[in-house]
**Student:** 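The following block contains the structure, expressed as structure tokens.
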Amino acid sequence: MQCVIFIPSSQTTMAGYSVEQHVQIIKLFYENGSSVRATFRALRPFYGRDDRPAESTIRRLVDKFESTGSVNNQPVPVRQRNARSAENIAAVRDSVLENPRQSIPRRAQELGLSQTTTWRILRCDLSLHPYKIQLTQELKVNDHRQRRVFADWALEQLEVDADFGKKIIFSDEAHFWMNGYVNKQNCRIWDETNPHEVHQVAMHPQKVTVWCRFWAGGVIGPYFFENDNGVAVTVNGERYRSMITNFFWPEIENMDLDNMWFQQDGATCHTAHATMEVLHEQFLDMVISRGGDVNWPPRSCDLTPLDFFLWGFLKSQVYANKPQTTDALKVNIRHAIDQIQPDLCARVIENWTFRVRATNRSRGGHLNDVIFHT
């Protein structure tokens with residue numbers, strides 16, 4: 001194999017070794033069958049037993065050489081004294097126009113500026129904002145009207161009782177995929193106005209299907225829809241009713257359900273006639289659902305706390321230690337739910353009331369002006 005190596009004289013590189021020493025390591029690597037271990041042994045006559053480069057150093061050097069064709073380190077950017085100069089502002093502006101998704105650390109490195117200076121130019125000089133991904137559903141033609149009707153009803157209830165939001169038990173299921181999820185915290189698009197871009201993700205087979213109930217007093221759950229082997233199963237009417245009877249009813253046995261409403265979305269398993277009969281045993285005339293006592297508007301994930309808060313919050317926690325099995329994932333989910341305190345749930349419900357008002361202002365449209373603070 002022929003190797004082309006670019007060598008500026010008298011430069012010191014990775015781990016304190018000179019460029020000439022790195023060239024020697026690369027040559028020995030290919031002479032010894034591209035084996036890191038054999039290269040490590042071959043270096044002993046030159047460095048001795050204890051001073052030779054570690055295998056990890058050899059591996060990093062080879063990876064660097066094979067990806068860049070060079071054994072040199074990238075030059076460290078020199079911070080300019082007049083960092084927010086007109087020239088640098090123009091350079092940052094051109095960089096954003098070319099790639100609005102690039103992170104601040106990478107952009108700062110390419111431009112030879114500090115991260116702080118780059119951030120200040122973006123925010124203060126260019127008046128740009130980092131827009132974060134917001135998960136929502138496309139609204140159909142009739143959805144605006146149904147969302148507006150629900151918002152009007154909820155606002156009427158809030159006028160009578162300011163604590164009405166605390167008297168709703170919200171419910172939903174979610175899939176937790178083993179490959180993780182869209183990391184909204186690390187995805188920013190710098191622009192003067194919200195670009196409203198759509199991010200599509202593919203579906204994957206390994207998952208855990210989780211059910212929870214959320215209200216101002218805390219989280220009820222989790223309940224995992226799975227078979228006897230612990231494998232996730234589809235939520236159908238029979239399984240949903242079994243969960244309500246065998247899990248949900250015992251969980252709320254000691255709750256005061258007077259004036260408490262129950263909410264669910266319009267999934268077929270939720271709204272089957274037999275299922276609605278079971279729900280009305282506990283929540284007589286107080287079920288918010290498609291076909292219920294109050295209609296729940298379709299495609300309104302921005303109006304249920306489980307979608308606009310709980311699932312995202314849990315997924316930011318449960319994937320932190322990168323679980324490798326569904327059992328480990330379920331342990332993380334249980335632990336994360338146990339850490340949620342009632343005062344946080346109460347603040348989430350306060351945000352729900354803001355969202356209802358925003359839905360009314362937007363005439364049933366998306367809630368682009370709502371920011372959630374916990």
**Student:** Tell me the salt bridge (charged side-chain N to carboxylate O under 4.0 Å, His left out) pairs involving residues 318-335, sequence neighbours left out?
**Tutor:** E226-K330, D327-K330
**Student:** Would you check if the side chain of T117 reaches a backbone N or O of L113 as a donor-acceptor pair within less than 3.5 Å?
**Tutor:** no
**Student:** Who passes side chain to side chain donor-acceptor pair (under 3.5 Å) against S362, sequence neighbours left out?
**Tutor:** none
**Student:** Residues in salt bridge (Lys or Arg N to Asp or Glu O under 4.0 Å) with D152, at least two apart?
**Tutor:** none
**Student:** According to side-chain hydrogen bond (donor to acceptor under 3.5 Å, both in side chains), does anything in residues 279-289 pair up with another residue at least two apart or in another chain? List the pairs.
**Tutor:** Q264-S289, H280-D293
**Student:** For R347 and N351, run side chain to side chain donor-acceptor pair (under 3.5 Å): C-alpha distance rounded to whole Å, both residues' side-chain angles, the deciding distance at 0.1 Å, then the answer.
**Tutor:** CA-CA 6 Å; R347 294 201 299 274; N351 184 259; over 6 Å; no
**Student:** Side-chain donor-acceptor pairs under 3.5 Å in residues 91-99, sequence neighbours left out?
**Tutor:**
unit_1: S95; atom_1: OG; unit_2: R107; atom_2: NH1; d: 2.7
unit_1: N99; atom_1: OD1; unit_2: R101; atom_2: N; d: 3.2

**Student:** Does any N or O in the side chain of T245 come within less than 3.5 Å of the main-chain N or O of S242, such that one atom is a donor and the other an acceptor?
**Tutor:** no
**Student:** Please check if any side-chain donor atom of Q317 sits under 3.5 Å from a side-chain acceptor atom of Q339, or the reverse.
**Tutor:** no
**Student:** Has R52 got its NZ or CZ under 6.0 Å from the middle of the six-membered ring of F46, at an angle within 45 degrees of the ring axis?
**Tutor:** no
**Student:** Can you tell me how far the CZ atom of R59 sits from the CG atom of L61, to the nearest 0.5 Å?
**Tutor:** 12.0 Å
**Student:** So how far is it from L303 CG to D265 CG, rounded to the nearest 0.5 Å?
**Tutor:** 12.5 Å
**Student:** Can you list the residues that meet the side chain to side chain contact (heavy atoms under 4.5 Å, CB included) rule with P105, with sequence neighbours excluded?
**Tutor:** S103, Q115
**Student:** Quick one: salt bridge (Lys or Arg N to Asp or Glu O under 4.0 Å) partners of E55, sequence neighbours excluded?
**Tutor:** R37
**Student:** Could you list the residues that satisfy ring-ring contact (aromatic ring centres under 6.0 Å, His included) with F248, not counting sequence neighbours?
**Tutor:** W211, F262
**Student:** What pairs meet the side-chain hydrogen bond (donor to acceptor under 3.5 Å, both in side chains) rule with one or both residues in residues 249-263, with sequence neighbours excluded?
**Tutor:** none
**Student:** Restricting to pairs with a member in residues 162-178, which pass salt bridge (charged side-chain N to carboxylate O under 4.0 Å, His left out), not counting sequence neighbours?
**Tutor:** D161-K167, D163-K166
**Student:** Within 45° of the ring axis of F225 and under 6.0 Å from its six-membered ring centre, is that where the NZ or CZ of R239 lies?
**Tutor:** no
**Student:** Check for a donor-acceptor pair, side chain of S35 on one end and backbone N or O of A38 on the other, with a separation under 3.5 Å.
**Tutor:** yes
**Student:** Check whether R148 reaches the backbone of G364 with its side chain - one donor and one acceptor, N or O, closer than 3.5 Å.
**Tutor:** no
**Student:** Given the rule in the salt bridge (Lys or Arg N to Asp or Glu O under 4.0 Å) test, do R84 and D125 qualify, once you have shown the distances and angles that lead to the verdict?
**Tutor:** CA-CA 8 Å; R84 290 170 63 188; D125 299 309; 3.0 Å; yes
**Student:** What pairs with D143 under salt bridge (Lys or Arg N to Asp or Glu O under 4.0 Å), at least two apart in sequence or on another chain?
**Tutor:** R299
**Student:** Name all residues meeting the side chain to side chain contact (heavy atoms under 4.5 Å, CB included) criterion together with A328; count only those two or more places apart in sequence or in a different chain, and write none if there are none.
**Tutor:** P323, T325
